[in-house]
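Report on the following structure.
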Number of protein chains: 2
Amino acid sequence: MTQKIDFLSKNQQIVLEIIEKAKEPLKAYSILFSVQKRGIKAPPQVYRALDRLIKLGKIHKIESKNAFVACKNDSCTISNATAFSICDSCEMVTEISNPKLSKYLANFQDETGMRYNKYNLEFFGLCKKCKK
Amino acid sequence: MTQKIDFLSKNQQIVLEIIEKAKEPLKAYSILFSVQKRGIKAPPQVYRALDRLIKLGKIHKIESKNAFVACKNDSCTISNATAFSICDSCEMVTEISNPKLSKYLANFQDETGMRYNKYNLEFFGLCKKCKK
DNA sequence: ATAAATTTGTTATATTATAACAATGCGTAA
DNA sequence: TTACGCATTGTTATAATATAACAAATTTAT
């Protein structure tokens, strides 16, 4: 049988904890270094945990940064519709949860008639702090 | 003086040509291999050309694939608003140019009042061919 | 309990990208 | 013209990101 959908292995819990504590997106190798004391020794262990956590919607990957953030939305158990706000100056990343936006994108249909089951949107600009 | 904005160096022309000819997104190292006959020998030469072409809006990077596509929109000279349609099965990528979508995203404002000068959107699904 | 299947650990290596510095070209002011 | 400063290009080396392949351990099905 395949792994139960709501169960996290030890490694997955450790990795998730680190990412949830972090105030900014974490890189895979920085996660690796900070969990080496806890018994995770090699990249595949981290990447497997990351893959699984992504599938569960517990974390998201910021593609433009190759970094990972915890999903702030408690009820989010799928990872098929994500939008982020990224500051070009301080690199702050926040997840955007805007029902209008989600609805607009989920229903978007292009000229070819192709329909989508997943999207990722990354906005870049200067955050309030950095604009001052 | 800084490089003229509408002038492409030899390496930039070569790299652009390869990407324009390709029917699918190209990876940096696959570009490198195919241009070695033409005198480009090392990664930094390719990456510099790619960076410049991106800034000029001649090509775009598909972040989820670390691959590069030519901009189909002739008049596109900036690279600050991109949207792509990506087939999960055949990996086909096409640029979406939908004025409504662009307008919607360009004007999007989140709760924090942060304003954006750039966005990248990637849609995933099955293309017509693969859905059959 | 044992075989089959899945998950986890481990080693090695592939892939993607950039730092650092040298060589070359290019504009300009003496 | 030449020599100086500055930007661009070439080159070597290496950093950063990610996965293949297989072994060991654990779980599941019978």
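What's counted below: heavy atoms across the whole structure, side chains too, no hydrogens, waters or symmetry copies. Here is the naming used below: chain letters follow the sequence lines, and residue numbers restart at 1 for every chain.
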B:I62 and B:I86: side chain to side chain contact (heavy atoms under 4.5 Å, CB included), yes or no, with the steps?
-> CA-CA 9 Å; B:I62 309 300; B:I86 302 170; 3.8 Å; yes

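For the pair B:R48 CZ and C:dT18 P, the interatomic distance rounds to 12 Å; values are reported in whole Å. A:Y47 places its OH atom 5 Å from the C1' atom of D:dA18, with the value rounded to the nearest Å. For the pair A:F7 CZ and D:dT26 P, the computed distance is 13 Å after rounding to whole Å. Look at CD on B:E63: it is 20 Å from P on C:dT15, rounded to the nearest Å. Rounded to whole Å, the distance from NZ on A:K55 to C1' on C:dT7 is 13 Å. Remark: P of C:dT6 and CG of A:D51 are 18 Å apart, rounded to the nearest angstrom. When rounded to the nearest whole Å, the span between CD1 of B:I14 and C1' of D:dT8 equals 15 Å. One interatomic measurement links the two molecules: NZ of B:K65 to P of C:dA17, which rounds to 14 Å at whole-angstrom precision.
The side chain of A:S9 contributes no N or O atom lying less than 4.0 Å from OP1 or OP2 of C:dT7. A:N11 has a side-chain polar atom (N or O) that falls below the 4.0 Å cut-off from OP1 or OP2 of C:dG9. Side-chain N/O atoms of A:N66 include none lying less than 4.0 angstrom from OP1 or OP2 on C:dT16.
Contacts with DNA chain D (heavy atom under 4.0 Å) in residues 25-46 of chain A: A:K27, A:Y29, A:P43, A:P44, listed by number.
Backbone-only engagement by A:K61 is indicated by non-hydrogen atom pairs under 4.0 Å involving sugar-phosphate atoms exclusively.
Not one N or O on the side chain of A:E122 forms a donor-acceptor pair closer than 3.5 Å with the backbone of A:A83. Side chain of A:Q109 to main chain of A:M114: no donor-acceptor pair is present (N/O by atom type, distance under 3.5 Å, no hydrogens or angles). A:Q13 places a side-chain N or O within 3.5 Å of a backbone atom of A:L8 that can act as its donor or acceptor partner.
When all heavy atoms of A:Y116 and B:I96 are compared, the closest pair comes out as OH-CD1, 4.0 Å.
The local environment of NZ in B:K131 is crowded, with over 12 non-hydrogen atoms from other residues, nucleotides or ligands closer than 6.0 Å.
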Do any side-chain atoms of residues 26-44 of chain B form donor-acceptor pairs under 3.5 angstrom with protein atoms, and if so which ones, sequence neighbours left out?
unit_1	atom_1	unit_2	atom_2	d
B:K27	NZ	B:K65	O	3.1
B:S30	OG	B:K27	O	3.4
B:S34	OG	B:S30	O	3.0
B:S34	OG	B:I31	O	3.1
B:R38	NH2	B:E17	OE2	2.8

